[in-house]
Amino acid sequence: MSEKQRYTDSGIELKQLYTAADYRSGADEEMPGSFPFTRGVQPDMYLGKLWTMRQYAGFSTAEESNKRYHYLLSQGVMGLSVAFDLPTQIGYDSDHELSEGEVGKVGVAINSIEDMETLFKDIKLQDISTSMTINATGFILLAFYVAIAKRQGADLKKLTGTIQNDILKEYAARGTYIYPPRPSMRIITDIFEWCAVETPKWNTISISGYHIREAGSTAVQEIAFTLSNGKAYVEAAIKKGLDINVFGKRLSFFFNAHNNLFEEIAKFRAARRMWAKMMKDLGATDPKAMMLRFHTQTGGSTLTAQQPLNNISRVTVQTLAAVLGGTQSLHTNGYDEALSLPTEEAARIALRTQQIIAFESGAADTVDPLAGSYFVETLTNDVEEKAWELVKKIDALGGSVSAIEQGFIQDEIAKSAYDYQRRIETTEKIIVGVNKFQSAEPATGPLFRVDDAIRQVQIDKLRALRSRRDHGMCDRILQDLNDKASSDDNIMPVVLEAVENRCTLGEIADTLREVFGEYKA
């Protein structure tokens, strides 16, 4: 017997052997599709419908991103996932001085309804599910999307998709916030309220653990902090007078998948069980409002610039973890993303990885195939137990908003990130090709670069747009938005009116800056 003790990446001590004595009493009675949903949210899971293969893409201009979307659709993706550039994410038009050097770099630049129309040219929004990774300006991008759907003649009641719209994790882990936490929470509950009537099939939030994990958290911290944020959104919506059994069905989650296969599977199973219990405790009575439905993206921070083709193997392990853990949709990263935006070849291989798991591996041929594994069931319990400990600490601090304001969540993530990097540098944690099994490497293949000249393209578009619109109408609508934001009225109807009359993203965001101010960390 080896004397070396082993731990998961979350620090959970592992036994050399797991037996029936470790197995949780009562687990045999749990069934997929039934509370607490440990084994999945549908009785038949992938036998009824495969997860949505949704490749995240967006770069440069709307025209260029539209070409990539049509390519991905031709290769078999089932839903689109839009990446926006940093100026769009933090409410600046491309001609703002702070946008210089960032336009179109990490996502597509969207300044107006005309950009949005180009982005989805020849794509029927009623027939496709679209996920938009956008937070502080999520309400504006949703308005753009709805306005385009209306132009296409779509039935808004049939629109499906998701806006990330998770501002709390921005303060804790990522940084693309605009307004302080409390007015930001007000905007989010306005979206909940408006969508419940206007776009009832739209997922109004994707509560994100992904970026918490990318910032350096452990798997346990990822679900503890994410579910605590989810609880804060639910409590805010209840306080606004919304019905948990209605808006609860439109909540979704977004998790990371890393390389520790069994801990990741256990994490997904534990998260479903915890959320079901949380929602029940918060007053949900409809089982569908207790279901944790989630999108997964493979771990960007696990990709290495050294020996980048090794990342194909990493993404395969992570894909398997997400599928065996019961994800509802999945994005797989390109092998070259530690070096640049994914090339078309890398994006295709990433999609093919999902398709091979779906159609060749057998992983989708039965429901929750690892249920009953002494190891997986015990690890699920261990992950859940440690996550509840963190949730209780956050509750004691007054909930997620207060915990973020006090710096607790940020500090916990920073400590974990430091410890993980320390273990890599001391070779306690092996990263193949980085701190062991290194090799002399040839020059990398072609990388994807975005030309800085596209900022001028966007500036020219903005000038043309402003020359055509009714400035008096825009001024009136933006003043109305200011008034609504200063009251308790829902801002979404006037935001939709603003985008339909060619007000820009930056103008709408700035109007709310005047009312709410800007958050300073």
Side-chain angles (χ1 to χ4, degrees), residues 1-18 173 209-223 255-268 270 296-325 332-340 342 346 349-350 353 357 361 363 370 373 375-376 378-380 382-383 386 412-445:
M1 180 179 289
S2 170
E3 294 182 3
K4 183 180 178 182
Q5 187 55 59
R6 296 186 181 277
Y7 298 85
T8 70
D9 288 340
S10 293
I12 295 172
E13 188 173 336
L14 297 175
K15 295 184 177 183
Q16 178 169 319
L17 177 69
Y18 288 81
Y210 185 85
H211 302 98
I212 289 170
R213 191 68 176 279
E214 290 293 284
S217 82
T218 66
V220 166
Q221 289 173 330
E222 179 187 352
I223 60 169
F255 290 122
N256 211 311
H258 273 222
N259 292 326
N260 194 315
L261 179 69
F262 293 106
E263 182 174 47
E264 294 300 297
I265 294 166
K267 175 190 78 178
F268 297 132
T296 308
Q297 181 173 338
T298 56
S301 62
T302 69
L303 302 177
T304 65
Q306 301 92 330
Q307 302 177 27
L309 288 176
N310 292 346
N311 294 327
I312 297 174
S313 298
R314 293 186 176 100
V315 170
T316 302
V317 170
Q318 295 162 10
T319 301
L320 198 56
V323 171
L324 293 174
T332 34
N333 290 331
Y335 67 83
D336 54 1
E337 288 191 61
L339 298 163
S340 72
I349 291 172
T353 301
I357 296 293
S361 74
L370 291 180
S373 157
F375 177 41
V376 170
T378 304
L379 191 54
T380 299
D382 290 344
V383 168
K386 286 189 172 292
E412 290 294 301
I413 294 171
K415 289 173 189 174
S416 294
Y418 173 81
D419 182 63
Y420 189 77
Q421 185 61 32
R422 178 194 60 77
R423 290 191 292 125
I424 291 172
E425 293 181 6
T426 60
T427 69
E428 182 183 342
K429 174 75 178 175
I430 300 300
I431 306 296
V432 174
V434 175
N435 62 2
K436 197 167 185 180
F437 312 114
Q438 298 102 321
S439 62
E441 298 176 37
T444 58

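Values below: every heavy atom of this structure, side chains too, minus hydrogens, waters and symmetry copies.
To the nearest 0.5 Å, atoms CG (Leu14) and CZ (Arg6) are separated by 9.0 Å. Rounded to the nearest 0.5 Å, atoms CD1 (Ile430) and NZ (Lys436) are 5.0 Å apart. Atoms OG1 and CD, from Thr380 and Glu263 in turn, are 10.5 Å apart once rounded to the nearest 0.5 Å. The CD atom of Glu222 sits 7.0 Å away from the CZ atom of Phe268 when rounded to the nearest 0.5 Å. Atom CG of Asn333 and atom OG1 of Thr353 lie 10.5 Å apart (nearest 0.5 Å). For the atom pair CG of Leu324 and OG of Ser361, the computed distance is 7.5 Å after rounding to the nearest 0.5 Å.
When every heavy atom of Thr304 is checked against every heavy atom of Ala338, the shortest pair comes out as C-CB, 3.6 Å. Considering all non-hydrogen atoms of both residues, Ala417 and Ala215 come closest at CB-O, 3.6 Å. The shortest non-hydrogen separation linking Thr332 to Ala350 is OG1-O, 2.7 Å. In this structure, Pro308 and Ala305 approach most closely via the heavy-atom pair CD-O, 3.4 Å. In this structure, Thr319 and Thr298 approach most closely via the heavy-atom pair OG1-CG2, 4.0 Å.
Gln221 is not listed as a side-chain neighbour of Ser10, based on a closest heavy-atom distance of 4.5 Å or more. A 4.5 Å side-chain heavy-atom check between Phe262 and Leu370 finds at least one atom pair inside the cut-off. Looking at heavy atoms from C-beta onward, Ile431 lies in side-chain contact with Arg314 at the 4.5 angstrom threshold. Between Phe255 and Ile223 the shortest side-chain heavy-atom distance falls below 4.5 Å. Within the 4.5 Å cutoff, the side chain of Ile312 has heavy atoms near those of the Leu309 side chain. Counting heavy atoms from C-beta on, the side chains of Ile265 and Leu261 come closer than 4.5 Å. Using a 4.5 Å heavy-atom cutoff, the side chains of Glu13 and Gln5 are in contact. The closest side-chain heavy-atom distance from Ile12 to Val220 is below 4.5 Å.
When the side-chain hydrogen bond (donor to acceptor under 3.5 Å, both in side chains) test is applied to Asp9, the partners found at least two apart in sequence or on another chain are Lys429.
At a threshold of 4.0 Å, the pair Asp419-Arg423 counts as salt-bridged, since one of the basic side-chain nitrogens sits closer than that to a carboxylate oxygen. Between Glu425 and Arg422 there is no salt bridge, since none of the side-chain N atoms of the basic residue sits less than 4.0 Å from a carboxylate O of the acidic one.
No donor-acceptor pair under 3.5 Å is formed between the side chain of Gln306 and the backbone N or O of Gln438.
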*Would you sort out whether Glu264 and Lys267 count as a salt bridge (charged side-chain N to carboxylate O under 4.0 Å, His left out), showing the intermediate values?*
CA-CA 5 Å; Glu264 294 300 297; Lys267 175 190 78 178; 2.8 Å; yes
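For the 3.5 Å distance criterion, the side chains of Asn256 and Gln297 fail to qualify, holding no donor opposite an acceptor. Between the side chains of Ser301 and Glu214, at least one donor N or O sits under 3.5 Å from an acceptor N or O.
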